Amino acid sequence: MNAPRPRAGSLPWPVAAVVGVIGGILLALGQAWGVAALLAGAGLVLWHARPVLLALVALGGAAGWASAHAVLTRPNLLTPWFGAQVTVQGDWDGQFLTLRDPPARVTLAPKPTQGPGRLRVSGRLLAPEGRRTPGGFDQAAWFRAQGGLLSVMPGGALVGARVREFQPQGGLRGWFRRGLTTGLTERQGALMQAIELGDRGDISREQFSEGEAVRDAFARAGLAHLMALSGQNVAILTGALILLLTRLGAAPAWRFGLPVLLLGPYLLLVQSSASITRAVLMGGAVLLALALGRGRPDPTGVIALAALACLLLFPLWLTDVGFQLSFLAVLALTQSDRVAGRLPERWPRWLRLGLAATLLAEAGTLPVIAGTFGQVPLVGLPANLLAGAIMALLVPLGFLAGLLGPLALPLNVVNGVLADALLLVARTFGQAPVLSWGQVGVGGLLAYGAAVLAGWLWLLGRVRAPAALGTWLACLLLTTLPGRLHPAREVVFLDVGQGDSTLIRLPHLTVLVDAGGSVGSDYDVGAHTVVPTLRALGVRKLDVLVATHADTDHIEGAASVLRQLPVGEVWIGQRKTDDPVLTAVLLAAQERRVPVREVRRGDQVTSDGASLTVLWPAGTAWSTEDNDNSVALRLESRGWRAAFLGDLADLTEERLGAGPLDLLKAAHHGSRHSTGAALLGQTSPADTVISVGRNTYGHPHQDVLTRLAQVHSRAWRTDQLGTIRWPVP
């Protein structure tokens with residue numbers, strides 16, 4: 001049976017306009033999807049028998065293109081200083097440092113520990129980088145997304161940032177922040193600032209235990225949205241104020257009008273983002289309609305109107321994950337009543353609505369969550385039900401504490417208990433396993449769309465539950481088939497900056513050789529670069545993790561890999577007992593009960609017609625130089641051979657007997673003391689990969705590049721190409 005045709009005039013005009021705007025923005029970004037969006041908008045208005053809105057679709061497309069084009073073509077005032085050591089001063093809000101001369105914004109790495117305020121800071125100014133690993137962070141795209149018609153786009157990153165002068169944040173925000181943290185522990189205060197202000201700088205540094213970051217626990221529990229201001233905060237705060245005004249007997253004009261007046265100052269107080277801007281705009285529209293006695297407006301029209309306002313002012317928010325998650329979740333929530341109606345009527349209505357809202361929000365954001373973060377929480381439903389009850393008290397009480405400033409000490413006794421309860425929920429549910437997911441392609445999106453359509457038709461009563469369930473299972477099966485029908489056979493040289501990390505993938509063997517590291521920095525390469533890359537590639541477990549030798553830039557990230565992914569065993573060469581980095585890796589292996597194997601020359605593992613052989617160390621004597629004790633490996637598959645040499649020096653390389661090679665992973669990032677003429681004469685590699693990043697060591701050295709050219713070996717560098725994927729026959 002066909003679904004009934006919508007009645008004429010049932011399509012709100014903002015829907016037609018915003019679809020056109022989306023199409024125009026996509027065209028400005030050079031994406032052909034923009035044409036599809038414009039055609040979809042035209043089809044939508046014709047389906048609803050409102051051809052007059054075709055002009056609005058076209059006008060929206062022109063406005064979206066013009067807005068995005070204006071933002072994209074705005075010159076970057078910081079370009080002349082890229083690469084230079086500079087000292088700047090400005091206002092630090094926990095995310096960006098806003099400069100006055102020139103008018104620009106920059107990020108700081110590492111982030112200051114002092115918190116928001118007035119800073120004078122020095123460091124090297126660099127241009128933002130694009131995505132250099134699958135599933136990695138695209139800093140350049142994120143910078144672009146933060147710019148708007150009336151706001152300055154972030155222009156660069158100040159790395160090696162050192163604070164020279166600091167003046168704490170004053171004014172209302174300073175007062176509010178003191179109220180949130182007074183009398184609380186550092187962890188409690190960090191959580192309160194994230195929940196109430198959207199400032200996640202302090203909570204990002206908090207850990208429940210070694211290697212167990214608080215933010216990671218929230219993400220695994222499906223609670224990451226609690227630390228990003230959204231509609232939940234606006235709904236709780238305005239709901240509490242309306243309840244108070246109702247108890248005081250206020251007339252509807254005051255009951256709903258006063259919250260409208262306070263939403264603007266609230267948006268200026270907190271850290272602005274797509275999600276909180278959307279919530280304020282939607283909340284303001286609904287409350288204004290109620291204050292004027294117009295009743296509740298059409299939710300789809302309100303959502304479209306909020307999106308229209310956001311995208312005209314901030315067109316590149318369309319590419320921002322926060323914007324996508326916020327609007328997808330609120331669109332899904334419009335069906336809460338329908339889903340609640342499908343649940344047993346004997347259940348309390350508040351429980352049915354809570355279950356429906358949580359399920360819909362998770363289902364609506366599934367492709368973005370899976371594709372962006374590489375994992376899907378499996379315990380989001382119970383975790384959100386418990387956390388929601390705590391947030392209903394914590395958000396209004398925390399906001400009241402902020403208003404009281406330093407006088408909030410007695411109130412924060414209660415807030416501290418509630419904050420600990422929320423942290424306990426996150427830590428408990430954060431121990432649960434997650435469903436690993438790779439990148440979501442066009443096929444995955446089509447399967448998701450078919451599943452959503454089946455669910456929608458079931459809600460409308462057009463199809464029966466078994467048919468909808470069968471469609472869901474079929475779509476899930478189809479998304480898993482490609483990887484099983486065509487399993488990967490490749491070597492992936494991850495771009496981890498000045499460090500090493502190489503993934504060897506065969507259908508039944510997955511080996512990670514090193515996991516990068518960041519010397520002299522608090523940046524966790526393993527957690528923030530290697531693990532997201534592995535998840536994006538669809539790697540759910542590692543059979544072997546090789547820690548070649550005790551150097552930070554090779555194995556520091558291995559501890560995080562061990563804690564976040566299942567690992568079969570760890571291979572090491574020399575078991576040093578006095579090296580803190582190797583000790584941390586071995587402790588992580590012990591915590592996860594992963595066996596550690598000390599490999600020696602000749603050790604081998606075979607799988608899928610390929611063999612991985614240990615070339616070094618011999619194990620008979622150890623050098624005083626860690627580099628000379630590196631684990632070196634040779635991969636052979638159907639006559640094709642590759643070698644991975646860690647940081648071995650040229651004198652040791654000569655003793656390996658690696659034989660002829662098709663591919664060489666150059667030792668020690670292209671140091672002039674490695675990849676010597678003798679090795680190249682023995683191996684004659686057709687191609688050589690050099691894992692290298694920005695450095696002061698002169699890597700790769702010109703002597704190495706010259707030697708490679710002399711044997712006609714093509715050099716491939718991760719600092720120039722990003723992550724390099726090499727097929728294995």
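Any value given below was found using the heavy atoms of this structure, including those in side chains, with hydrogens, waters and symmetry copies removed. Values in this document were obtained by computation on a predicted structure and should not be read as measured data.
Between D647 and H554, some side-chain heavy-atom pair lies under the 4.5 Å cut-off. Looking at heavy atoms from C-beta onward, Q169 lies out of side-chain contact with D91 at the 4.5 angstrom threshold. Residues D500 and V513 are not in side-chain contact: their nearest non-hydrogen atoms beyond the backbone lie 4.5 Å or more apart. Between L328 and V368, some side-chain heavy-atom pair lies under the 4.5 Å cut-off. Counting heavy atoms from C-beta on, the side chains of L126 and R694 come closer than 4.5 Å. In this structure, the side chains of R215 and I203 come closer than 4.5 Å at one or more pairs of heavy atoms.
Evaluated for a side-chain contact (heavy atoms from CB on, under 4.5 Å) with L562, the options L542, L586, V570 yield exactly one hit, V570. With S691 as the fixed residue, the side-chain contact (heavy atoms from CB on, under 4.5 Å) test singles out one of Q498, K665, H699: K665.
Using cut-offs of 30° and 60° for the angle between ring planes, the F96 and F143 rings count as perpendicular. The aromatic rings of F314 and W317 lie parallel to each other, with less than 30° between the two planes, well short of the 60° mark.
Within 6.0 Å of the CD atom in Q31, the count of heavy atoms belonging to other residues, nucleotides or ligands exceeds 12. Around CZ of R162, the count of heavy atoms belonging to other residues, nucleotides or ligands within 6.0 Å does not exceed 12. Annotation for E625: atom CD does not count as buried by contact number, only 12 or fewer foreign heavy atoms lying within 6.0 Å.
For T510 and R505, the side-chain atoms include no donor-acceptor pair closer than 3.5 Å. There is a side-chain donor-acceptor pair under 3.5 Å between D524 and S560. In summary, the side chains of R164 and T87 do not present any donor paired with an acceptor at a separation below 3.5 Å, with no hydrogens or angles considered. Checked by atom type, the side-chain pair N695/H669 shows no donor-acceptor distance below 3.5 Å. T688 and S713 are linked by a side-chain donor-acceptor pair at a separation below 3.5 angstrom, with hydrogens and angles left out of the test. Under the 3.5 Å distance criterion, with hydrogens and angles disregarded, no donor-acceptor pair is assigned to the side chains of S230 and S275. For the residue pair D495 / T723, no side-chain donor-acceptor distance below 3.5 Å is found, with atom types taken as modelled.
In plain terms, the two heavy atoms of A426 and A221 that are nearest each other are O-CB, 4.0 Å. Smallest separation of non-hydrogen atoms from L229 and A194: CD2-O, 4.3 Å. Residue R278 comes nearest to S326 through the heavy atom pair NE-OG, 2.8 Å, listed as atom of the first residue, atom of the second, then distance. Pairing each heavy atom of F323 with each of L318, the nearest pair is CD2-CA, 4.1 Å. Scanning both residues, V631 and A547, for their nearest heavy atoms gives CG2-O, 4.4 Å. A pairwise comparison of heavy atoms in A527 and Q564 identifies CB-NE2, 3.5 Å as the closest pair.
Taking the ring pair (Phe, Tyr, Trp, His ring centres under 6.0 Å) definition, one finds that F82 meets it with nothing, sequence neighbours left out.
In this structure, Q324 CD and D320 CG are separated by 7.0 Å, a value rounded to the nearest 0.5 Å. A distance of 10.5 Å separates CD of Q89 from CD of Q167, quoted to the nearest 0.5 Å.
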ask   = For D93 and R173, what are the C-alpha separation, side-chain angles and deciding distance, and is it a salt bridge (Lys or Arg N to Asp or Glu O under 4.0 Å)?
value = CA-CA 10 Å; D93 62 5; R173 285 185 178 177; 5.8 Å; no
ask   = Passes salt bridge (Lys or Arg N to Asp or Glu O under 4.0 Å), E206 versus R200? Steps please.
value = CA-CA 10 Å; E206 290 293 324; R200 299 184 292 276; over 6 Å; no
task = Could you give me the CA-CA distance, side-chain angles and deciding distance for Q375 and R220, then say whether side chain to side chain donor-acceptor pair (under 3.5 Å) is met?
result = CA-CA 8 Å; Q375 59 182 9; R220 290 193 302 271; over 6 Å; no
ask   = Do D202 and R187 pass the salt bridge (Lys or Arg N to Asp or Glu O under 4.0 Å) test, and can you show the C-alpha distance, the side-chain angles, and the key distance before you say yes or no?
value = CA-CA 8 Å; D202 288 346; R187 184 178 298 166; over 6 Å; no
message = side chain to side chain donor-acceptor pair (under 3.5 Å), that's the test. Do T548 and D514 meet it? Break it down for me.
response = CA-CA 6 Å; T548 57; D514 290 332; 2.8 Å; yes
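Looking only at distances, a side-chain donor or acceptor of R131 sits under 3.5 Å from a matching main-chain atom of G136. At distances below 3.5 Å, at least one donor-acceptor pair connects side-chain atoms of R592 with backbone N or O atoms of R563. Of the possible donor and acceptor atoms, one in the side chain of Q188 sits under 3.5 Å from a partner among the backbone N and O of T185.
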